[in-house]
Amino acid sequence: MQTDFLVIGSGIAGLTYALKVAQHCPDKTITVLTKTQSDETNTKYAQGGIAGVMDLDHDSFEKHIEDTLIAGDGLCNKQVVEIVVKEGVQRIEEIIEWGARFDKESDGDYKLGKEGGHSEFRILHHKDVTGKEMERALLAAIAKQKNINLISHCFVIDIITQHHLGYLVTKSTPDIECFGVYVLNLASNKIEKILSKITLLATGGNGQVYRSTTNPAIATGDGVAMVYRAKGRIENMEFIQFHPTALYEPGIRGQNFLITEAVRGDGGILRNHAGEAFMEKYDKRKDLAPRDIVARAIDNEMKVAGTENVFLDCRHFSKEKFTEHFPNIYEKCLSIGIDVTKNMIPVAPAAHYSCGGIKTDEHGRTSISHLYAAGECASTGLHGANRLASNSLLEAMVFAHRSYLDAVKKIDKISFRENIPDWKTDGTNVPKEMILITQSVKEMKLLMSDYVGIVRNNERLSRAMKRLDLLYEETESLYQKTIVSPQLCELRNMITVAYLIVKCAEFRQESRGLHFNTDYPGKSERVQNIVL
Ligand code: FAD
Ligand code: SIN
């Protein structure tokens, strides 16, 4: 199969880019691949909303820029922050034109919410299911576009580069090129090659590397792992954001339901098991301090009291007020016996967002030619050491747009590469025991949660690396002799991502933003990105 533009991922980044390219180039073919159902993305689960300076009477670009820089703890690229904040408003207006609906006041103005680290009310939202509404609008617009072929249940295994033509490719090879991808088509169960002129990776996050995460099962860091294997540049993987308030449900592992930060924006108060509103001990912004601070405070409260959760107190909300903004959370809590107007909500931090990823420039270009990256899999420089709440949907749209502008200028100068070999499957066996994969996934999640969580130290990182080495060896050996499956590919990708997180964490000999190492409690004077 050949396609002019190939898009891997059907979340906000992939769909925004595909739509723009398709509208601009009606004579070109655009193929969007997604590994499960087309709407099963991190995007669909976004709750709080999208940050944007929509009310210039009370807010300003400067304030949003300043809030982003403060959250990023000295590591944001200021130029990129300015780009995202200023261009973001046009991108929000576009998605509204494509049909996304955000809540409005009775006078027609947008209802704007507030979340941790924001100095103003600037979060547009659709109740507490903003991502679902944005994903719906984008998929509906895509369905009307004749030159887009959206293929679900198609698992991308690897990016094709000169390496597949028999050349030695290393990190110092000057012009690594992307010619397309190998995919496991789950409908036919065959491995196919798709050749493309330009490819965009929009593969989302990697929360599944941890035992507790707000991310769905698809979030296994595939794009980052593929680029690393292809010898592209990866940056700042140590900055994993733990959301302070995932719903604590004993026994639930895999995807933890999120209690949006907007609940604290509307007045929710964190309390420990003694009933104390503890955030004032940690930060003057209390419950609305940036996420790294709140998550560490909760972690500390849990460790001191020996508990597995704290509580979010919303008992002072009226039922009307709560259900108007958070109907989905209300129903979810009720379904497990919690009436939020009478009972406090048990919450605990969970892995939520990857601030680092595939290194890109301000046009979304990766270090590999003809390969772009946008959305959560990319490291654009916006988030620095800690992402400001509700900035990621914004970033995804801004960089999808910038990648599109750059790609359409280049497409006519690029040809398909001939003579790409088929995937080699000779001599591989059908896996006999799934347990070899599932047990390794469990071990990896456990070691990452226990040793590479909210608080780290050198001993824990070194233990994590030793255990990952063993898992890596075992998994590579299995991969060499077994027919590939999504489960095996995801395990392999997650081990690579876990390795990258630990490696970057070892290199960062300081505590900054989301990375807190008790052996280096202060900030280094040398402010640097870690690039692998
Ligand atoms: P995703 O939406 O995750 O899409 C990834 C796509 O890549 C999927 O289609 C997947 O199938 C595909 N894919 C991955 N690997 C492969 C492969 N190997 N082969 C084929 N396809 C593949 N951000 C905000 O700004 N505001 C919020 O309110 C907010 N709330 C959130 C709440 C939750 C519970 C979560 C989990 C995240 C939240 N975020 C929020 C973060 C935000 O939702 C994500 O960062 C963003 O949606 C990522 O979009 P994306 O397009 O990069 O990737
Ligand atoms: C939330 O709604 O709390 C999540 C917002 C985000 O991750 O940006």
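Counting starts at 1 for both ligands and their atoms, following the listed order.
In summary, the atoms of ligand 2 found under 4.0 Å from a heavy atom of Thr260, numbered by their order in the structure, are 1 (C), 2 (O), 3 (O). Near Ala389, with a cut-off below 4.0 Å to any heavy atom, the atoms of ligand 2 are 8 (O). Contact atoms of ligand 1 toward Asp222: 15 (N), 16 (C), 17 (C), 18 (N) (distance under 4.0 Å to a heavy atom of the residue). Shown in contact with Glu115 at under 4.0 Å from a heavy atom are these atoms of ligand 2, numbered in order with element: 5 (C). The distance from ligand 2 to the heavy atoms of Arg387 drops below 4.0 Å at these ligand atoms: 6 (C), 7 (O), 8 (O). With ligand atoms numbered from 1 in the order given, ligand 2 contributes 6 (C), 8 (O) to contacts under 4.0 Å with heavy atoms of Ser390.
Between the choices Ile8, Thr34, Thr43, the shortest heavy-atom distance to atom 10 (C) of ligand 1 belongs to Thr34. Relative to atom 41 (C) of ligand 1, the option among Ser392, Ala262, Ser152 with the closest non-hydrogen atom is Ser392.
The part of Leu258 lying near ligand 2 is the side chain, judged by heavy-atom distances below 4.0 Å. Heavy atoms of Arg291 found under 4.0 angstrom from ligand 2 belong exclusively to the side chain.
The shortest N or O to N or O distance between Asn391 and ligand 2 is not below 3.5 Å. Of the polar atoms of His243, at least one N or O is found under 3.5 Å from an N or O of ligand 2, judged by distance alone.
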